[in-house]
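Lettering of chains follows the sequences in order, A, B, ..., and the numbering in each one begins at 1. Everything quoted here is computed from the prediction, not taken from an experiment.
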Amino acid sequence: MDSTIRADVLGKLLLIHETLGVLPDYSTIADFLQRALGEIPGVLHMHLYVEGVVFPSSQTLEEICTESKTAGDTSSENIGRGGDNSHIVTIPLQSACQKYGKLVLCLYDKEAFSPYLAFVQNIANALVATLETREHIRHLDESKIGLEAKIAESTAALNESKESLRRSEERLQLATQAGGIGIWDHDLVNDVLIWDDSMFALYGIERKDFTCTYAAWQALVHPEDRSRGSQEVQDALLGIRPFNTEFRVSLANGDIRHIKAKGQVFRDGQGKVTRIVGVNWDITERILAEKEHDRLLSIIEDAPDFIATADMQAHLKFLNLAGAKLVGLPEKAGLSGLEIKDMHPVWGTRKVMEEGIPTVLSQGYWQGENALLNRDGHEIPVSQLLLVHRDASGNPEFLSTIMRDITTSKQIEAALKNLNEALEHRVWEETEKNRQKDAILIQQSRLAAMGEMIGNIAHQWRQPLNALGLILANIKDAAYYKELTPEYLESLVRDGERLIQKMSTTIDDFRNFFRPQKRQEPFNLGSAIKEALSLVDARFRNNNIEFKLELEEDILIVGFANEFSQVLINLLNNAQDAILSRHSPNGSVTVRLCRDALRAVVTVTDNGGGIPPAVMEKMFEPYFSTKKMGTGIGLYMSKMIIEKSMRGTLSVRNVDGGTEFTLSLPSDNVIHPEHSHVHNSSS
Amino acid sequence: MTHTERFVSMGITDEQFPAGTHMCYIYKDDQERKEFIAKYLWLGLQGHEKVNYFVDVISPEEMRAQLKELGLNLPVEMDAHDFSISRALEVYCTGSKFVPEDTLQKLRSMYALSIDEGYSGTRISGEMSWVLREGVEGTDRLMEYESLVNTVLLDYPVTAICQYDARRFNGSTLFDVLNVHPMMIIRGQVVRNPYYVVSEKFLANYVAPRFWS
């Protein structure tokens, strides 16, 4: 090769140099150089030795290169022979400050190669330049990676800090908003008071309505608290005490809000106060709760009852004034050491412990009578309510009790008991009197009935007695005229005996009729009416009083037949007396029997002129009578028999020219004839 | 085929090169490659050339999108007639076999058609990594093909850039690439290749290594 490097060689060098720049690794570079330098005469093959490795790989060359102490230190060196007996020449790859390795050429013709050594050295220089550039790029890349990592780390840390700050601000905002806490910042130098949104919410005003000055805040404070609040601000500014106060603000709707305020004073380098920063929060609920608590405590303290609480070990935790007074404790005495047992007599403590507390634990409350024990030893009867209070988990937390002094009520109870006993005695006495009165009434009634019976018997006997008188006159006349034959006498005697027998029967009829019945029996009302009439018809006939009967047949009822007849006779007698009292020549009495909606109704109507209204009201009262010789018990007894014994009604009214009594007997007394044996009163 | 010599812009430098220039582009920076290729293609369109791009690494659609991102705005009509992106494997091979003669014939036809269609010439660029794909037969004739291209381009002056990724081809192959391309683009420079060997000489001595297996 000419000593002067030809243009095509330069071109090749340039191309190799540029190409090396894009080849990615030592292996590719070695392959490329192998081909590029393969054209050089005398070169058998070429290798690249870098970073302790030979490319393309060759164990022999790697050992040679590693062992060669001076390798790389010379520009070119024949360091031995390869396995193929070639001459090995190495060209160091080094820059001014860095050794990269060697270019290893295995020559088969050293002489032929020698003119190209300079060219190869240029190739080596180009390779060094490439390796150097790569090294720089690698360093740059590493630096870049390191820098990027640091930037990323710093950015991440910055972002984390920003995020942390943002979250912190969010948390603060959330906390202040959730807690209703407002933050304020007063620049004292310029008198600028800055509020956050929560402050405006607390004071119930819009931001646009606030002039951001100390005076603006003062104006919002309740007038009664304004002076104190301002003084406390001044005290804080003067360092007398920290700003920690409470005040009220009046809201636009008239409500009062209680505000708690705290602040921190800041000073400049000269110690001058420049700023005060703080918080406000709403304590209205707490203040109201405290007031409510005080109110409740006041109610408890003022209550006349014993009110106390105790823990589950029976130690007293609270006792109101009335309680302390009841058990004789001084007002200001502490409760230390006092237990439930100290409040009661022994039996009362046992009642609480053995009955009250077990019941409370199972049912939630216990109520009963007990006693408190005063320090002076006397027992106070109380009505006790015991309650258990549980925590959020449902475990018993403490007991409470309310005990009311029932001394007075016990005394009243005793007095009432005595009174009741006295009353019971009086009632018994009155009852007894009534019973006796009733007995008298009954007796009088009986006597009256007896009188009536005797009167009726007398009327019944009038005709047979007259007949007996005629028989006796006939006997006398027959004896006078010597016509009294034994047969005739016998005939007259038989007539007389028949009359006497009839009179005797009459007595029996009356006696049976007025005999009280023991039990109710079914009987035919129509028959009973007829039998009763038969007892009085003699008197009615004698007095020219007409009887009219309008009886519906076969009405049966269950009741006292004799008593019913007694009532009916009583009504008939009253009708007769009324007619006779008017001296009316056309006296008449109508008795009707009919069914009315299954009730049996009997009416007795006379034309005796009726009853004055004033008398009508008192007709059924006992001992009331308009008759000169009346007992006043007939109608009373009649009403009692019909309404109490037979559960019917007896009423009276005036009708045209007279009076009408109505007996109405209830449906359940009325029976169908085929369902019962009918009792016909004996006649 | 007769033609008058025509000079074209390649895009890297202001220098103009004769139509039918056969260049290799050995690269390791994808972004730099795309920017250069976009400019190369755009200049072809500007010169009223029929422009064909043979893509291998990505799909034609992705390549089109990337070219658009790089500012190569392709009007619809120009897109359809003046510019096409095809899969390299389909252009260089017949089925799954690479037959240099067939590909060279396609190259001739491509040029002739463009002239018939009234274009000033044809400009192509291919991503050559298709030869590294598994299962493709005949890839050992790549350098033979590349060398013969120089002969074909004498009569069918297609301006061509063959793209070789230095990260995927070995050094020996890359040196062979230098032997068969009279011009090369390397690290942003267009250089006349001192290692270029004319076709007859190259083919007389060339023994194809099976470097791609």
Side-chain angles (χ1 to χ4, degrees), chain A residues 1 5-41 43 45-50 53-57 103-104 116 119 122-123 126-127 129-134 136-138 140-141 144, chain B residues 12-13 23-33 36 128-129 132 143 146-147 161-198 201-202 204-213:
Chain A
M1 189 175 174
I5 298 174
R6 297 199 312 250
D8 64 330
V9 174
L10 279 174
K12 285 183 179 179
L13 276 173
L14 175 63
L15 189 67
I16 290 169
H17 180 253
E18 293 301 323
T19 305
L20 289 174
V22 297
L23 299 182
D25 49 48
Y26 295 134
S27 175
T28 309
I29 290 172
D31 279 349
F32 182 82
L33 287 177
Q34 183 88 292
R35 293 293 307 281
L37 300 182
E39 292 181 340
I40 298 173
V43 175
H45 44 87
M46 191 278 320
H47 294 268
L48 184 64
Y49 175 70
V50 284
V53 180
V54 173
F55 301 93
S57 67
L103 200 60
V104 182
Y116 295 94
F119 173 76
N122 283 322
I123 294 291
L127 185 56
T130 300
L131 295 174
E132 198 167 26
T133 303
R134 284 172 184 244
H136 288 153
I137 291 170
R138 191 171 63 81
L140 281 173
D141 285 344
K144 183 185 171 191
Chain B
I12 291 180
T13 63
M23 287 190 181
C24 65
Y25 179 23
I26 298 172
Y27 67 93
K28 67 172 181 179
D29 187 324
D30 282 318
Q31 187 60 28
E32 178 193 273
R33 175 183 73 94
F36 165 66
M128 302 307 289
S129 51
L132 302 175
M143 291 307 148
E146 287 278 34
S147 183
I161 293 178
C162 304
Q163 302 174 42
Y164 288 87
D165 186 345
R167 295 162 299 184
R168 300 188 64 184
F169 289 90
N170 64 37
S172 178
T173 303
L174 292 175
F175 191 82
D176 284 340
V177 169
L178 295 185
N179 283 159
V180 293
H181 289 86
M183 304 287 286
M184 72 177 293
I185 304 161
I186 186 93
R187 299 177 68 177
Q189 298 179 57
V190 178
V191 294
R192 284 173 178 76
N193 182 5
Y195 282 102
Y196 171 65
V197 180
V198 294
K201 190 179 176 183
F202 177 80
N205 299 315
Y206 179 68
V207 177
R210 300 192 65 82
F211 53 86
W212 29 73
S213 60

Spacing of [X] atom [atom1] and [Y] atom [atom2] [to the nearest 0.5 Å]:
| X | Y | atom1 | atom2 | answer |
| --- | --- | --- | --- | --- |
| A:T19 | B:F175 | OG1 | CZ | 9.0 Å |
| A:E18 | B:I26 | CD | CD1 | 11.5 Å |
| B:L174 | A:I29 | CG | CD1 | 11.0 Å |
| A:R35 | B:N170 | CZ | CG | 9.5 Å |

Q. Minimum heavy-atom separation for A:D31 to B:S172, with atom names?
A. CB-N, 3.4 Å
(Q) For B:N179, which atoms come within 4.5 Å of any heavy atom of chain A: side chain, backbone, both, or neither? (A) side chain
